[in-house]
Number of protein chains: 2
Amino acid sequence: MYRTHTCGELRSTDLDKQVTLAGWVQTIRKFGSITFIDLRDRYGITQLLFNEQLNTILDANPLGREFVLQISGKVSERSSKNVNIPTGEIEVLVSDLKVLNRSAVPPFTIQDDTDGGDDLRMKYRFLDLRRNAVKKNIELRYAVNRAARNYLHLHNFIDIETPFLIKSTPEGARDFVVPSRMNPGEFYALPQSPQTFKQLLMVSGYDRYYQVVKCFRDEDLRADRQPEFTQIDCEMAFVEQEDILQMFEGMVKFIFKEVKGIDYSETVKRITWEESMWTYGNDKPDIRFDMKLGILKSISKPSETIIPEGAFKIFDDAELVVGIAAKACADYTRKQLDELTDWVKRPQIGMTGLIYCKYNADGTLKSSVDKFFDESKLKEWAIKTNAQPGDVIFILAGREERTLKAISSLRLYMGERLGLRKAEEFKLLWVTDFPLFEYDDENNRWVARHHPFTSPKPEQVQTMINNDPAISNANEYLQHPYASIKANAYDMVLNGNEIGGGSIRIFQRDLQEKMFAALGMSKQEAQHKFGFLLGAFEYGAPPHGGIAFGFDRLCAILGGSESIRDFIAFPKNNTGRDVMIDAPSTIDLKQLEELQIKIDLKAG
Amino acid sequence: MYRTHTCGELRSTDLDKQVTLAGWVQTIRKFGSITFIDLRDRYGITQLLFNEQLNTILDANPLGREFVLQISGKVSERSSKNVNIPTGEIEVLVSDLKVLNRSAVPPFTIQDDTDGGDDLRMKYRFLDLRRNAVKKNIELRYAVNRAARNYLHLHNFIDIETPFLIKSTPEGARDFVVPSRMNPGEFYALPQSPQTFKQLLMVSGYDRYYQVVKCFRDEDLRADRQPEFTQIDCEMAFVEQEDILQMFEGMVKFIFKEVKGIDYSETVKRITWEESMWTYGNDKPDIRFDMKLGILKSISKPSETIIPEGAFKIFDDAELVVGIAAKACADYTRKQLDELTDWVKRPQIGMTGLIYCKYNADGTLKSSVDKFFDESKLKEWAIKTNAQPGDVIFILAGREERTLKAISSLRLYMGERLGLRKAEEFKLLWVTDFPLFEYDDENNRWVARHHPFTSPKPEQVQTMINNDPAISNANEYLQHPYASIKANAYDMVLNGNEIGGGSIRIFQRDLQEKMFAALGMSKQEAQHKFGFLLGAFEYGAPPHGGIAFGFDRLCAILGGSESIRDFIAFPKNNTGRDVMIDAPSTIDLKQLEELQIKIDLKAG
């Protein structure tokens, strides 16, 4: 062993001990004939003091930042103590020094406020990982991993590894594939999730399964997506939805306690997908703040409409008119309101304008559409949006889907602006009763909203079985019985982010076959892709369900960050490259020949 | 929840309780108007009793093996108790029955002594996994996983996930590769191990790293090899070999204790590679029994030779003559000796014959080469092989490498025959000081015995740096200074199986470059493949080393099996196929087009 103690360990109770430390040079400070060096390792920083005699050696062999040293010396009391670090009461009077390795000058400083840009830090990720700001993320990730495992172990779950070289069954996302040398012309696929295997394990009787497992999706990477990502993947047999919700809100609470020291004792709220969409405009609402939607007009929910037809053309033309009340913003200036108008008009939001209505402190109401609506009408809007004197109401109007999305974005934006999305506040929410199907207008067919293994609500099984999935009139797909089938599916939402999602599964062969057919899969195709699962359902499959948590995202949110990349030791960039190791890369012709494949680049 | 209790839970202390159970029908036994059903789940078996009234229902809707039932009823005392199972004192008087799912007749019985052959059980692996014999392996695997993690956690190790989509750097084994759609013409590789990443983590300062991680090797599968396998992968910084040996024999002892209840308190023996080869004939000796080699003649170790030249042509022609003493086998019959002779002549062993020498109980010696050697000579053999009266000495002669291998195989075979390899006895051993290089006669160059990151013994670093790796005369490669360089490498051996291996790594850029050059890699090639590691070594790389345990193998040995496949939930067969899901398989043309690759099957 190169050391007797770590750099985070020594205290004033260790005074006069002879110790040996090893670590990296963080800083060098020369004062005349003595030198102070801060030596850093994973555990902390210890101040070293080099006296006159050793300084001669340092002068002859200058040290630099990030040199690796092994030193011996005596623990001494510091003359000026540093109360900000645990070792701040002591220093080590160095008697012996060995340079274990030299370092070139690092391309950026190894400090919280580093001078390195993103690209540089990714290229030298091994140096970036030395920074305390990154290290604490990696440590938090481990703590979450450990807490999740401990909770699941306590509850009789068993970690069972499922294979990585599986079969390509591209449904939604694209598979990464792996050519098989031993079976030329054939390919394995990397799993998008262990979904079918964990269901097989339920059929096999392992009634509580978990895995912290890498998954792979070959998607065009949006910001903050990674081609490989990690799931906490879980499944249970002989359970209903209620059992799963309780088990896994328990897990997340356990993680809060273990990792953040937070007692999350309150009951986790639940909301149906339908209610979530009409209350917050999306299916993963941030409930750290209220600011609920007020529907002023809706063609889907005509009973909510309070705006008279013919008063205002823009409202007349809109499918949806919806408002939110921003607390204590009635004094917003023209400039502020113009800024917000520009914000909703950006292409990402895509609205044509923003209507406001100030609910002044004196109880009067003043809006940008005063020409069309009198104060009694505006008062109704205030009631709908739950506005109080001093608030401002923002109103958007347009096509239903886009407007809901826009008001939801505006709500989050205003929440952010008003400081309502507090980094250290955590609010969990279950969103339930998702639609089972989504309509794919490109192909005029149904696609599974969650995945093809999700079961409908028990009371809607017959609706599914007894109806032909074919959509005869594309314009009236909403009238098809399938449009209203709800799934036994649930998402866990934390601070406006989906951190987990799952469902009760289909476990009957005939219902599963109907589902495949509903998704436009032929019998042959279903058999080719999922024959093993259909087969397994013939041999006593138990009722079961599960959930998968996005481990990277969960860690990021617990760490107070929006970026999962900060919580992955070696992430890839937006084109799927690891710029540090320079992967992917070309491979040898010999490898291609052995695999019996050829590169076939498209022109251009 | 579908149940109030599991099928392994109820005891006589639960008498008269109303309970609900769910599980699979193990057996059905009808006695007149009553029926007994054994209901099985992951936790055990509970006997159900159906009275006359319910029997009517059973008669109308017959149950079968592996049907999934939910029953309610009252816990009652059994009239005839079964002391062999924990629930054997009670039964449940069923009052309510629900068939949750039916089952076709399974293709083999779900019992320890199943009637299903290997192929059938693999195709229906989801049913095979229901058998208790397989379930206990999967549970043992989890227990080993958990124990390893707990030990490493206690010792400040941190689990850090390394990427799966990395860069192809084919050294020894072939990489599995993954075409990149986003970077056409380029490929990722699946990791053969996280080797370089864990070393980078040491450079980053995470001085104790671990991972239980899947690795991939595209090799022609020998029996009991899997294309994907799991390692317990560990690395430490600021350590020497001694630190690693102590840390990880501690881990294995901890696993023994946690998983098997075994206090392995004795010190783990250590042996050098050299000594192991000459004492046991191989580098992973089974030391549960002695039967050490006696060298009678060796051209490599002439001082050991006790056989006079010219006495016996076969010995004269041999590079090596070596014997072992089989305890109390002096009374072996002609037939038994002939059988053993046939055994060593099999192509797998490849000897031309077997010489024996009986050390009779009366102290006389009698051999198959009495013509050539008098009894005093035979007595010398007995001393060399440590034979006692009553033993038989088996002697093999031939080329050194083959004969060592053969005597090692014979030793294991005799150990097996004589019952010396006890399944429930566990003997650990460290083998150290492996050669750094092996000679590749096909290409007349050096290859790394462990891997290119293994450091030479400190005292041999200069030998490595100061000599040209080129081998001018292929016949005299043994005289090249590189042939005698020993590595800072170590294997952990359990009962004759290598369960782990590792080394102290090179951490200096110049030495690593010399190593790549020694392995015949050009500067450009080294830079292309491992530039990131060489680069990292410039920025303060600490001394470090590590080890990786073959997790599948470790589990198999602890479970008393020779086959790792029994300890993998979803294994592949010898051609790398998963016969259950039928992978690998063909993929859609669209997928190939998107990846911009083509299948290019060789003729024939």
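Proteins come first, then strands; the chains are lettered A, B, ... in the order of their sequence lines, and each starts at number 1.
Here B:Asp207 pairs with A:Arg3 in a salt bridge; the nearest charged N to carboxylate O distance falls below 4.0 Å. The existence of a salt bridge linking B:Arg577 and A:Glu186 is confirmed by a sub-4.0 Å separation between a basic side-chain nitrogen and an acidic carboxylate oxygen.
Heavy atoms closer than 4.5 Å to chain A are found in the backbone of B:Val105, but not in its side chain. Proximity to chain B (any heavy atom under 4.5 Å) is shown, for A:Val99, by neither the backbone nor the side chain. For A:Phe551, the part lying near chain B is the side chain, with the backbone staying farther off; criterion is any non-hydrogen pair under 4.5 Å. For B:Asp218, the parts sitting under 4.5 Å from any heavy atom of chain A are the backbone and the side chain alike. Interface remark: A:Lys598 contributes backbone and side-chain atoms alike to the contact with chain B (heavy atom separation under 4.5 Å). Proximity to chain A (any heavy atom under 4.5 Å) is shown, for B:Ile110, by neither the backbone nor the side chain. Looking at A:Leu533, neither its backbone nor its side chain comes within 4.5 Å of chain B, counting heavy atoms on both sides. Contact of B:Glu219 with chain A is made through the backbone alone, with heavy-atom distances under 4.5 Å. Only the backbone of A:Asn574 has a heavy atom closer than 4.5 Å to any heavy atom of chain B. No part of B:Phe67 comes within reach of chain A, as not one of its non-hydrogen atoms sits under 4.5 angstrom from that chain. Both the backbone and the side chain of B:Met1 have a heavy atom closer than 4.5 Å to some heavy atom of chain A. For a residue to count as touching a neighbouring chain, one of its non-hydrogen atoms must lie under 4.5 Å from one of that chain's; by this rule A:Arg65 does not touch chain B. Looking at A:Ser180, only its side chain comes within 4.5 Å of chain B, counting heavy atoms on both sides. Using a 4.5 Å cut-off between heavy atoms, B:Asp243 touches chain A through its side chain atoms alone. If you measure heavy-atom distances from B:Arg509 to chain A, you find no contacts under 4.5 Å at all. Contact of A:Leu190 with chain B is made through the side chain alone, with heavy-atom distances under 4.5 Å. B:Arg40 does not touch chain A: none of its heavy atoms, backbone or side chain, sits under 4.5 Å away. Contact of A:Asp578 with chain B is made through the side chain alone, with heavy-atom distances under 4.5 Å. Of the two parts of A:Lys135, the backbone and the side chain both hold a non-hydrogen atom closer than 4.5 Å to a non-hydrogen atom of chain B. At a 4.5 Å heavy-atom cutoff, the contact between A:Gln591 and chain B is made by side-chain atoms alone. Of the two parts of A:Tyr188, the backbone and the side chain both hold a non-hydrogen atom closer than 4.5 Å to a non-hydrogen atom of chain B. Neither the backbone nor the side chain of A:Gln199 comes within contact range of chain B; no heavy atom of the residue lies under 4.5 Å from a heavy atom of that chain. Looking at A:Asp582, both its backbone and its side chain come within 4.5 Å of chain B, counting heavy atoms on both sides.
For the set A:Val213, A:Asn150, A:Ile568, A:Val212, the entry with the most heavy-atom pairs within less than 4.5 Å of chain B is A:Asn150. No other option in A:Glu139, A:Glu242, A:Lys572, A:Glu66 has as many heavy-atom pairs under 4.5 Å with chain B as A:Lys572. Chain B forms the most heavy-atom pairs under 4.5 Å with one residue out of A:Pro584, A:Ala541, A:Pro571, A:Gly185, and that residue is A:Pro584. Put simply, of A:Gln508, A:Arg131, A:Arg125, A:Arg208, the one with the most heavy-atom pairs under 4.5 Å next to chain B is A:Arg208. With chain B as the partner, the residue from A:Leu592, A:Asp159, A:Thr586 showing the most heavy-atom pairs under 4.5 Å is A:Asp159. The candidate with the highest count of non-hydrogen atom pairs below 4.5 Å against chain A, out of B:Asp41, B:Ile166, B:Asp588, is B:Ile166.
Within the 4.5 Å cutoff, the side chain of A:Thr169 has heavy atoms near those of the A:Phe530 side chain. Between A:Thr196 and A:Phe532, some side-chain heavy-atom pair lies under the 4.5 Å cut-off.
Remark: aromatic rings of A:Phe164 and B:Phe164 are close, center separation under 6.0 Å. Aromatic ring centroids of B:Phe197 and A:Phe570 lie under 6.0 Å apart. For an aromatic pair to be called close, the ring centres must be under 6.0 Å apart, and A:Tyr210 with A:His153 fails this.
Judged as a salt bridge (Lys or Arg N to Asp or Glu O under 4.0 Å), and not counting sequence neighbours, the contacts of B:Glu161 are A:Arg141. The salt bridge (Lys or Arg N to Asp or Glu O under 4.0 Å) test applied to B:Arg102 returns no partner, not counting sequence neighbours.
With no hydrogens or angles considered, no side-chain donor-acceptor pair links A:Gln70 and A:Thr20 at under 3.5 Å.
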Step-by-step ring-ring contact (aromatic ring centres under 6.0 Å, His included) determination, B:Phe216 to B:Phe229: CA-CA 6 Å; B:Phe216 305 85; B:Phe229 55 96; 7.7 Å; no

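Across all non-hydrogen atoms, the minimal contact from A:Ala104 to B:Tyr539 is O-CD2, 3.6 Å.
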